[in-house]
> 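Could you have a look at this structure, given as C-alpha coordinates, before my questions?
Order of the sequence lines sets the chain letters (A, B, ...), proteins ahead of strands, with each chain counted from 1.
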Amino acid sequence: MKAFRRKIISFYRRRKRTFPWREEITPYRIVVSEIMLQQTGVERVEEKFEPFVTKLPDFESLAGAPLREIMEAWQGLGYNRRALSLKRLAQAVIERYSGELPRDRESLLALPGVGEATAGAIMAFAFNVPLAFIETNIRRVFIHHFFTGCQKVSDRQIMPLVEAALDRSNPRDWYYALMDYGSALGGTANNPNRKSSRYAKQAPFHDSDRKVRGDMIRLLLGAGSMAIDDIIDATGHGADRLVPVLCAMVRDGLVTEEAGRYRIA
DNA sequence: CTCCGGCTCT
DNA sequence: AGAGCCGGAG
(Lines give C-alpha, C1' and ligand atoms only; values in the text may rest on other atoms or scores of the structure.)
Protein backbone atom coordinates (compact mmCIF):
# COMPACT_ATOMS: atom_id res chain seq x y z
CA MET A 1 0.00 0.00 0.00
CA LYS A 2 2.91 2.34 0.74
CA ALA A 3 4.42 1.81 -2.69
CA PHE A 4 1.03 2.31 -4.30
CA ARG A 5 0.54 5.62 -2.53
CA ARG A 6 4.03 6.78 -3.46
CA LYS A 7 3.32 5.97 -7.09
CA ILE A 8 0.09 8.00 -7.11
CA ILE A 9 1.62 10.96 -5.29
CA SER A 10 4.65 11.04 -7.55
CA PHE A 11 2.45 10.95 -10.65
CA TYR A 12 0.36 13.77 -9.24
CA ARG A 13 3.41 15.93 -8.60
CA ARG A 14 4.40 15.63 -12.23
CA ARG A 15 1.05 15.52 -14.01
CA LYS A 16 -1.57 17.19 -11.87
CA ARG A 17 -4.46 18.68 -13.83
CA THR A 18 -5.93 22.12 -13.17
CA PHE A 19 -9.63 22.83 -13.57
CA PRO A 20 -11.76 25.89 -12.80
CA TRP A 21 -13.48 23.97 -9.98
CA ARG A 22 -10.09 23.14 -8.46
CA GLU A 23 -8.76 26.69 -8.72
CA GLU A 24 -11.63 28.41 -6.94
CA ILE A 25 -13.27 26.04 -4.48
CA THR A 26 -16.73 26.69 -3.07
CA PRO A 27 -19.38 24.11 -2.13
CA TYR A 28 -21.61 25.42 -4.94
CA ARG A 29 -18.92 25.13 -7.60
CA ILE A 30 -18.03 21.63 -6.41
CA VAL A 31 -21.67 20.51 -6.54
CA VAL A 32 -22.23 21.90 -10.04
CA SER A 33 -18.99 20.40 -11.37
CA GLU A 34 -19.63 16.98 -9.78
CA ILE A 35 -23.16 16.74 -11.20
CA MET A 36 -21.82 17.76 -14.62
CA LEU A 37 -18.97 15.24 -14.37
CA GLN A 38 -21.31 12.36 -13.49
CA GLN A 39 -21.83 11.32 -17.09
CA THR A 40 -19.83 13.78 -19.12
CA GLY A 41 -16.12 13.86 -19.89
CA VAL A 42 -13.98 16.66 -18.40
CA GLU A 43 -13.18 18.21 -21.78
CA ARG A 44 -16.80 19.11 -22.38
CA VAL A 45 -17.50 20.05 -18.77
CA GLU A 46 -14.52 22.44 -18.88
CA GLU A 47 -16.20 24.46 -21.65
CA LYS A 48 -19.61 24.60 -20.02
CA PHE A 49 -18.70 25.09 -16.38
CA GLU A 50 -17.71 28.77 -16.16
CA PRO A 51 -20.54 30.04 -18.40
CA PHE A 52 -22.98 28.03 -16.26
CA VAL A 53 -21.80 29.30 -12.87
CA THR A 54 -21.46 32.84 -14.22
CA LYS A 55 -25.09 32.81 -15.33
CA LEU A 56 -26.24 30.93 -12.20
CA PRO A 57 -23.67 31.83 -9.51
CA ASP A 58 -25.18 30.30 -6.37
CA PHE A 59 -27.80 27.91 -4.97
CA GLU A 60 -30.33 30.73 -4.69
CA SER A 61 -30.15 31.84 -8.33
CA LEU A 62 -30.22 28.21 -9.48
CA ALA A 63 -33.24 27.41 -7.29
CA GLY A 64 -35.12 30.43 -8.62
CA ALA A 65 -34.20 30.14 -12.30
CA PRO A 66 -36.75 28.85 -14.83
CA LEU A 67 -35.87 25.32 -15.97
CA ARG A 68 -35.58 26.52 -19.55
CA GLU A 69 -32.78 28.91 -18.55
CA ILE A 70 -30.94 26.12 -16.75
CA MET A 71 -31.39 23.76 -19.70
CA GLU A 72 -30.00 26.37 -22.10
CA ALA A 73 -26.86 26.62 -19.98
CA TRP A 74 -26.80 22.80 -19.79
CA GLN A 75 -27.05 22.21 -23.55
CA GLY A 76 -24.29 19.98 -24.86
CA LEU A 77 -23.70 18.11 -21.60
CA GLY A 78 -26.29 15.39 -22.23
CA TYR A 79 -28.59 13.54 -19.82
CA ASN A 80 -30.81 16.58 -19.31
CA ARG A 81 -32.55 15.08 -16.28
CA ARG A 82 -29.42 16.06 -14.35
CA ALA A 83 -30.20 19.74 -15.03
CA LEU A 84 -33.61 19.25 -13.43
CA SER A 85 -32.03 17.34 -10.52
CA LEU A 86 -29.59 20.20 -10.02
CA LYS A 87 -32.42 22.74 -9.81
CA ARG A 88 -34.28 20.53 -7.30
CA LEU A 89 -31.06 20.06 -5.34
CA ALA A 90 -30.62 23.84 -5.14
CA GLN A 91 -34.23 24.24 -3.98
CA ALA A 92 -33.65 21.63 -1.27
CA VAL A 93 -30.46 23.39 -0.11
CA ILE A 94 -32.38 26.68 0.16
CA GLU A 95 -35.43 25.20 1.87
CA ARG A 96 -33.85 22.59 4.17
CA TYR A 97 -30.51 24.21 4.93
CA SER A 98 -31.15 27.94 4.33
CA GLY A 99 -28.76 28.00 1.39
CA GLU A 100 -25.77 26.31 3.03
CA LEU A 101 -24.72 22.92 1.68
CA PRO A 102 -24.75 20.31 4.49
CA ARG A 103 -21.40 18.76 5.46
CA ASP A 104 -22.47 15.19 6.11
CA ARG A 105 -22.85 12.16 3.89
CA GLU A 106 -26.45 11.32 4.87
CA SER A 107 -27.81 14.78 4.12
CA LEU A 108 -25.95 14.90 0.80
CA LEU A 109 -27.29 11.46 -0.20
CA ALA A 110 -30.83 12.70 0.46
CA LEU A 111 -30.39 15.45 -2.17
CA PRO A 112 -31.72 14.76 -5.68
CA GLY A 113 -29.12 13.43 -8.12
CA VAL A 114 -26.56 12.62 -5.40
CA GLY A 115 -25.49 9.00 -4.87
CA GLU A 116 -22.51 7.45 -3.09
CA ALA A 117 -19.86 8.57 -5.57
CA THR A 118 -21.06 12.17 -5.77
CA ALA A 119 -21.52 12.44 -1.98
CA GLY A 120 -17.97 11.15 -1.44
CA ALA A 121 -16.56 13.54 -4.03
CA ILE A 122 -18.38 16.52 -2.53
CA MET A 123 -17.19 15.65 0.98
CA ALA A 124 -13.59 15.40 -0.24
CA PHE A 125 -13.49 18.34 -2.64
CA ALA A 126 -15.79 20.85 -0.96
CA PHE A 127 -14.98 20.07 2.68
CA ASN A 128 -11.74 18.03 2.63
CA VAL A 129 -13.47 15.31 4.69
CA PRO A 130 -12.38 11.69 4.01
CA LEU A 131 -14.94 9.12 2.81
CA ALA A 132 -14.15 6.03 0.74
CA PHE A 133 -15.93 6.10 -2.61
CA ILE A 134 -15.49 4.73 -6.12
CA GLU A 135 -16.02 6.40 -9.48
CA THR A 136 -14.66 5.52 -12.90
CA ASN A 137 -11.13 6.96 -12.54
CA ILE A 138 -10.67 5.52 -9.07
CA ARG A 139 -11.96 2.13 -10.26
CA ARG A 140 -9.41 2.15 -13.09
CA VAL A 141 -6.49 2.89 -10.79
CA PHE A 142 -7.29 0.09 -8.34
CA ILE A 143 -8.03 -2.50 -11.01
CA HIS A 144 -4.83 -1.58 -12.83
CA HIS A 145 -2.64 -1.78 -9.75
CA PHE A 146 -4.19 -4.55 -7.62
CA PHE A 147 -6.20 -6.76 -9.98
CA THR A 148 -3.79 -7.34 -12.87
CA GLY A 149 -4.99 -10.35 -14.83
CA CYS A 150 -8.36 -10.53 -13.02
CA GLN A 151 -11.76 -10.42 -14.68
CA LYS A 152 -15.17 -9.17 -13.46
CA VAL A 153 -13.74 -7.22 -10.54
CA SER A 154 -16.56 -5.89 -8.36
CA ASP A 155 -16.64 -2.61 -6.44
CA ARG A 156 -17.15 -4.68 -3.30
CA GLN A 157 -13.66 -6.11 -3.86
CA ILE A 158 -12.16 -2.69 -4.55
CA MET A 159 -13.73 -0.74 -1.67
CA PRO A 160 -11.54 -2.11 1.19
CA LEU A 161 -8.46 -1.06 -0.76
CA VAL A 162 -9.84 2.44 -1.32
CA GLU A 163 -10.50 2.59 2.41
CA ALA A 164 -6.96 1.42 3.25
CA ALA A 165 -5.26 3.78 0.82
CA LEU A 166 -7.27 6.89 1.74
CA ASP A 167 -5.25 9.84 3.02
CA ARG A 168 -7.37 10.95 5.96
CA SER A 169 -5.42 14.14 6.58
CA ASN A 170 -5.79 15.48 3.05
CA PRO A 171 -8.47 13.56 1.15
CA ARG A 172 -8.98 16.41 -1.34
CA ASP A 173 -5.49 16.17 -2.83
CA TRP A 174 -5.46 12.39 -2.52
CA TYR A 175 -8.60 12.06 -4.63
CA TYR A 176 -7.37 14.67 -7.13
CA ALA A 177 -4.25 12.52 -7.46
CA LEU A 178 -6.16 9.24 -7.82
CA MET A 179 -8.47 10.69 -10.43
CA ASP A 180 -5.65 12.28 -12.44
CA TYR A 181 -3.82 8.98 -12.48
CA GLY A 182 -6.97 7.06 -13.40
CA SER A 183 -7.77 9.50 -16.15
CA ALA A 184 -4.31 8.97 -17.63
CA LEU A 185 -4.87 5.19 -17.56
CA GLY A 186 -8.14 5.70 -19.41
CA GLY A 187 -6.32 7.20 -22.36
CA THR A 188 -4.43 3.97 -22.93
CA ALA A 189 -5.62 1.32 -25.39
CA ASN A 190 -6.66 -1.24 -22.78
CA ASN A 191 -9.07 0.44 -20.42
CA PRO A 192 -8.75 -1.37 -17.04
CA ASN A 193 -12.46 -0.76 -16.44
CA ARG A 194 -13.29 -3.46 -18.98
CA LYS A 195 -12.25 -5.84 -16.23
CA SER A 196 -14.89 -4.34 -13.92
CA SER A 197 -18.02 -6.38 -13.24
CA ARG A 198 -19.93 -3.23 -14.22
CA TYR A 199 -18.57 -3.17 -17.73
CA ALA A 200 -21.22 -3.71 -20.40
CA LYS A 201 -21.53 -3.12 -24.10
CA GLN A 202 -24.10 -0.44 -24.73
CA ALA A 203 -27.03 -0.24 -27.12
CA PRO A 204 -26.62 1.83 -30.29
CA PHE A 205 -27.57 5.49 -29.91
CA HIS A 206 -29.12 5.86 -33.35
CA ASP A 207 -32.98 5.78 -33.19
CA SER A 208 -32.90 5.27 -29.42
CA ASP A 209 -35.33 6.99 -27.03
CA ARG A 210 -32.31 8.84 -25.68
CA LYS A 211 -31.76 10.46 -29.06
CA VAL A 212 -35.44 11.38 -29.48
CA ARG A 213 -35.45 12.97 -26.03
CA GLY A 214 -32.36 15.01 -26.85
CA ASP A 215 -33.90 16.15 -30.14
CA MET A 216 -37.07 17.15 -28.29
CA ILE A 217 -35.24 19.26 -25.70
CA ARG A 218 -33.36 21.12 -28.40
CA LEU A 219 -36.56 21.67 -30.40
CA LEU A 220 -38.56 22.97 -27.44
CA LEU A 221 -35.74 25.21 -26.23
CA GLY A 222 -35.72 26.84 -29.65
CA ALA A 223 -39.49 27.08 -30.11
CA GLY A 224 -40.81 27.98 -26.67
CA SER A 225 -43.94 25.86 -26.91
CA MET A 226 -45.33 23.57 -29.61
CA ALA A 227 -48.44 21.58 -30.45
CA ILE A 228 -48.02 17.83 -30.91
CA ASP A 229 -48.56 17.90 -34.70
CA ASP A 230 -45.91 20.61 -35.09
CA ILE A 231 -43.52 18.45 -33.10
CA ILE A 232 -44.31 15.53 -35.41
CA ASP A 233 -43.66 17.70 -38.48
CA ALA A 234 -40.47 19.19 -37.08
CA THR A 235 -38.88 15.94 -35.94
CA GLY A 236 -40.11 13.62 -38.68
CA HIS A 237 -40.95 11.05 -36.02
CA GLY A 238 -44.46 9.51 -36.13
CA ALA A 239 -46.90 9.89 -33.25
CA ASP A 240 -46.37 6.24 -32.25
CA ARG A 241 -42.68 6.92 -31.74
CA LEU A 242 -43.04 10.39 -30.26
CA VAL A 243 -45.95 10.30 -27.83
CA PRO A 244 -44.62 7.67 -25.40
CA VAL A 245 -41.28 9.48 -25.21
CA LEU A 246 -42.99 12.83 -24.70
CA CYS A 247 -45.15 11.32 -21.93
CA ALA A 248 -42.05 10.01 -20.19
CA MET A 249 -40.51 13.48 -20.33
CA VAL A 250 -43.66 14.99 -18.81
CA ARG A 251 -43.52 12.33 -16.09
CA ASP A 252 -39.85 13.16 -15.45
CA GLY A 253 -40.80 16.83 -15.04
CA LEU A 254 -38.68 17.99 -17.98
CA VAL A 255 -41.66 19.02 -20.11
CA THR A 256 -45.16 20.31 -19.28
CA GLU A 257 -48.32 20.23 -21.34
CA GLU A 258 -50.93 22.96 -21.28
CA ALA A 259 -53.93 23.23 -23.63
CA GLY A 260 -52.32 20.79 -26.06
CA ARG A 261 -49.02 22.68 -26.19
CA TYR A 262 -45.73 21.30 -24.87
CA ARG A 263 -42.85 23.30 -23.42
CA ILE A 264 -39.82 22.93 -21.14
CA ALA A 265 -41.25 22.71 -17.61
C1' DC B 1 -20.25 1.58 -36.21
C1' DT B 2 -18.29 1.60 -30.72
C1' DC B 3 -16.99 3.99 -26.74
C1' DC B 4 -17.75 6.57 -21.99
C1' DG B 5 -20.30 7.82 -17.24
C1' DG B 6 -23.47 7.76 -11.89
C1' DC B 7 -28.20 8.02 -10.40
C1' DT B 8 -33.04 6.67 -10.32
C1' DC B 9 -36.71 3.77 -10.61
C1' DT B 10 -38.59 -0.69 -11.24
C1' DA C 1 -30.25 -6.77 -10.39
C1' DG C 2 -31.15 -4.37 -14.60
C1' DA C 3 -32.68 -0.94 -17.65
C1' DG C 4 -32.87 3.80 -18.99
C1' DC C 5 -30.77 8.23 -19.70
C1' DC C 6 -27.14 12.03 -23.69
C1' DG C 7 -23.75 14.06 -26.85
C1' DG C 8 -19.37 13.98 -28.78
C1' DA C 9 -15.06 11.50 -30.02
C1' DG C 10 -12.61 7.73 -32.35
Side-chain angles (χ1 to χ4, degrees), chain A residues 30-49 52 70-89 92 105-106 108-125 131-141 143 152 154-156 158-159 162 175 178-179 182-221 235 241 244-255 264-265:
Chain A
I30 295 299
V31 166
V32 171
S33 64
E34 285 305 323
I35 299 293
M36 287 181 171
L37 288 162
Q38 276 173 0
Q39 291 110 318
T40 307
V42 280
E43 301 82 4
R44 245 181 318 149
V45 172
E46 269 187 295
E47 295 171 24
K48 302 284 175 181
F49 178 79
F52 189 99
I70 300 171
M71 298 278 251
E72 275 161 10
W74 192 268
Q75 274 299 284
L77 290 169
Y79 289 122
N80 297 288
R81 286 196 299 202
R82 287 182 296 159
L84 177 59
S85 277
L86 194 52
K87 178 181 163 75
R88 289 175 173 165
L89 182 154
R105 173 178 169 279
E106 299 308 318
L108 291 174
L109 283 176
L111 295 170
V114 178
E116 295 288 350
T118 306
I122 292 171
M123 288 301 280
F125 299 145
L131 289 182
F133 69 96
I134 296 173
E135 52 73 75
T136 191
N137 292 306
I138 298 171
R139 186 177 296 118
R140 251 196 300 262
V141 174
I143 290 178
K152 303 256 179 229
S154 69
D155 286 355
R156 196 174 285 272
I158 298 172
M159 194 56 104
V162 177
Y175 276 120
L178 267 185
M179 289 181 182
S183 171
L185 288 175
T188 65
N190 244 341
N191 184 350
N193 278 351
R194 294 186 181 189
K195 293 194 255 177
S196 165
S197 61
R198 304 164 67 92
Y199 181 75
K201 214 171 122 152
Q202 78 170 34
F205 181 61
H206 184 66
D207 278 344
S208 67
D209 286 4
R210 274 153 46 236
K211 175 170 164 46
V212 176
R213 287 170 65 107
D215 292 346
M216 199 93 77
I217 295 287
R218 240 169 288 123
L219 184 66
L220 292 178
L221 280 179
T235 59
R241 183 81 185 88
V245 175
L246 201 47
C247 280
M249 295 176 78
V250 171
R251 207 165 50 235
D252 285 346
L254 286 170
V255 170
I264 301 297

> Rounding to a whole Å, what distance do you find between E47(A):CD and dG7(C):P?
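Interatomic distance, CD of E47(A) to P of dG7(C): 15 Å.
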> Figure out the CD1/C1' separation between I134(A) and dG5(B), and round it to whole Å.
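That distance rounds to 15 Å.
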> Locate the shortest heavy-atom distance separating F133(A) from V162(A); write the atom from each residue and the value.
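What the structure gives for the nearest pair is O-CG1, 3.6 Å.
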> Between dG7(C), dG6(B), dC5(C), which nucleotide gets closest to the side-chain atoms of T118(A)?
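Side chain of T118(A) sits closest to dG6(B).
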> With heavy atoms under 4.0 Å as the rule, sort G113(A) into base, sugar-phosphate or nothing.
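Result for G113(A) = sugar-phosphate.
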> Output the single nucleotide from dG6(B), dC4(B), dC5(C) whose closest atom is nearest the side chain of R81(A).
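Of all the options, the side chain of R81(A) is nearest to dC5(C).
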> Students often get this wrong, so: under 4.0 angstrom with heavy atoms, is D252(A) touching a base, only sugar-phosphate, or nothing?
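Nothing, no heavy atom under 4.0 Å.
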> Any donor-acceptor pair under 3.5 Å linking the side chain of E43(A) with the backbone of E46(A)?
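Such a contact is absent between E43(A) side chain and E46(A) backbone.
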> Could D215(A) and R210(A) be called an ion pair, given the rule that one side-chain N must be under 4.0 Å from one carboxylate O?
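No, D215(A) and R210(A) are not salt-bridged.
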> Just how far, in rounded Å, is C1' of dA3(C) from CD of Q39(A)?
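In whole Å, dA3(C) C1' and Q39(A) CD are 14 Å from each other.
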> So does R82(A) get a side-chain nitrogen or oxygen closer than 4.0 Å to the phosphate oxygens (OP1/OP2) of dG4(C)?
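False: R82(A) side-chain N/O out of range (4.0 Å or more) of dG4(C) OP1/OP2.
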> Report the nucleotide, chosen from dC4(B), dC7(B), dC6(C), that has the shortest atom-to-atom distance to any side-chain atom of F205(A).
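Looking only at heavy atoms from C-beta outward on F205(A), the closest nucleotide is dC6(C).
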> Give the nucleotide from the list dC7(B), dC3(B), dC5(C) with an atom nearest to the side chain of A117(A).
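Shortest atom-to-atom distance from the side chain points to dC7(B).
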> Write down the distance between NZ (K211(A)) and P (dG8(C)), rounded to a whole number of angstrom.
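Rounded to whole Å, this separation is 11 Å.
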> In whole angstroms, how far is the P atom of dC5(C) from the CD1 atom of I217(A)?
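Going from I217(A) (CD1) to dC5(C) (P), I get 12 Å.
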> Let me confirm one number: the CG-CD1 distance from L86(A) to I35(A), rounded to the nearest 0.5 Å.
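That separation rounds to 6.0 Å.
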> Are any of N191(A)'s side-chain N or O atoms less than 4.0 Å away from OP1 or OP2 of dC4(B)?
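For dC4(B), OP1 or OP2 has a side-chain N or O of N191(A) closer than 4.0 Å.
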> For Q202(A) and dC1(B), give me the distance from atom CD to atom P, rounded to whole Å.
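Distance check: Q202(A) CD to dC1(B) P gives 12 Å.
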> In whole angstroms, how far is the C1' atom of dG4(C) from the CG atom of L254(A)?
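It works out to 13 Å between those atoms.
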> Under 3.5 Å, is there an N or O donor on one side and an acceptor on the other linking the side chain of E116(A) and the base of dC7(B)?
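No, the side chain and the base share no sub-3.5 Å donor-acceptor pair.
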> Could you check L111(A) against H206(A) and say which one's nearest nucleotide on DNA chain B is further toward the 5' end?
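On the 5' side of the pair lies H206(A).
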> Between P on dG6(B) and CG on L37(A), what's the gap in Å once rounded to a whole number?
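In whole Å, dG6(B) P lies 10 Å from L37(A) CG.
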> Taking R81(A) for its side chain and G253(A) for its backbone only, find out whether a donor-acceptor pair lies under 3.5 Å.
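Here the side-chain-to-backbone pair does not exist.
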> Please determine whether any donor N or O and acceptor N or O are separated by less than 3.5 Å between the side chain of E135(A) and the base of dG6(B).
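No pair found.
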> Any donor and acceptor pair, going by atom type alone, linking the side chain of R82(A) with main-chain N or O of G78(A) inside 3.5 Å?
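Here the side-chain-to-backbone pair exists.
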> Taking for each residue the nucleotide of DNA chain B with the nearest heavy atom, is it L109(A) or T40(A) whose nucleotide lies nearer the 5' end?
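With L109(A) and T40(A) compared, the 5'-side residue is T40(A).
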> Below 4.0 angstrom from OP1 or OP2 of dC3(B), is there any side-chain N or O of Y199(A)?
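It does, given that an N or O in the side chain of Y199(A) lies less than 4.0 Å from OP1 or OP2 of dC3(B).
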> Of the options dT2(B), dC7(B), dG7(C), whose atoms approach the side-chain atoms of R218(A) most closely?
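The nucleotide sitting nearest to the side chain is dG7(C).
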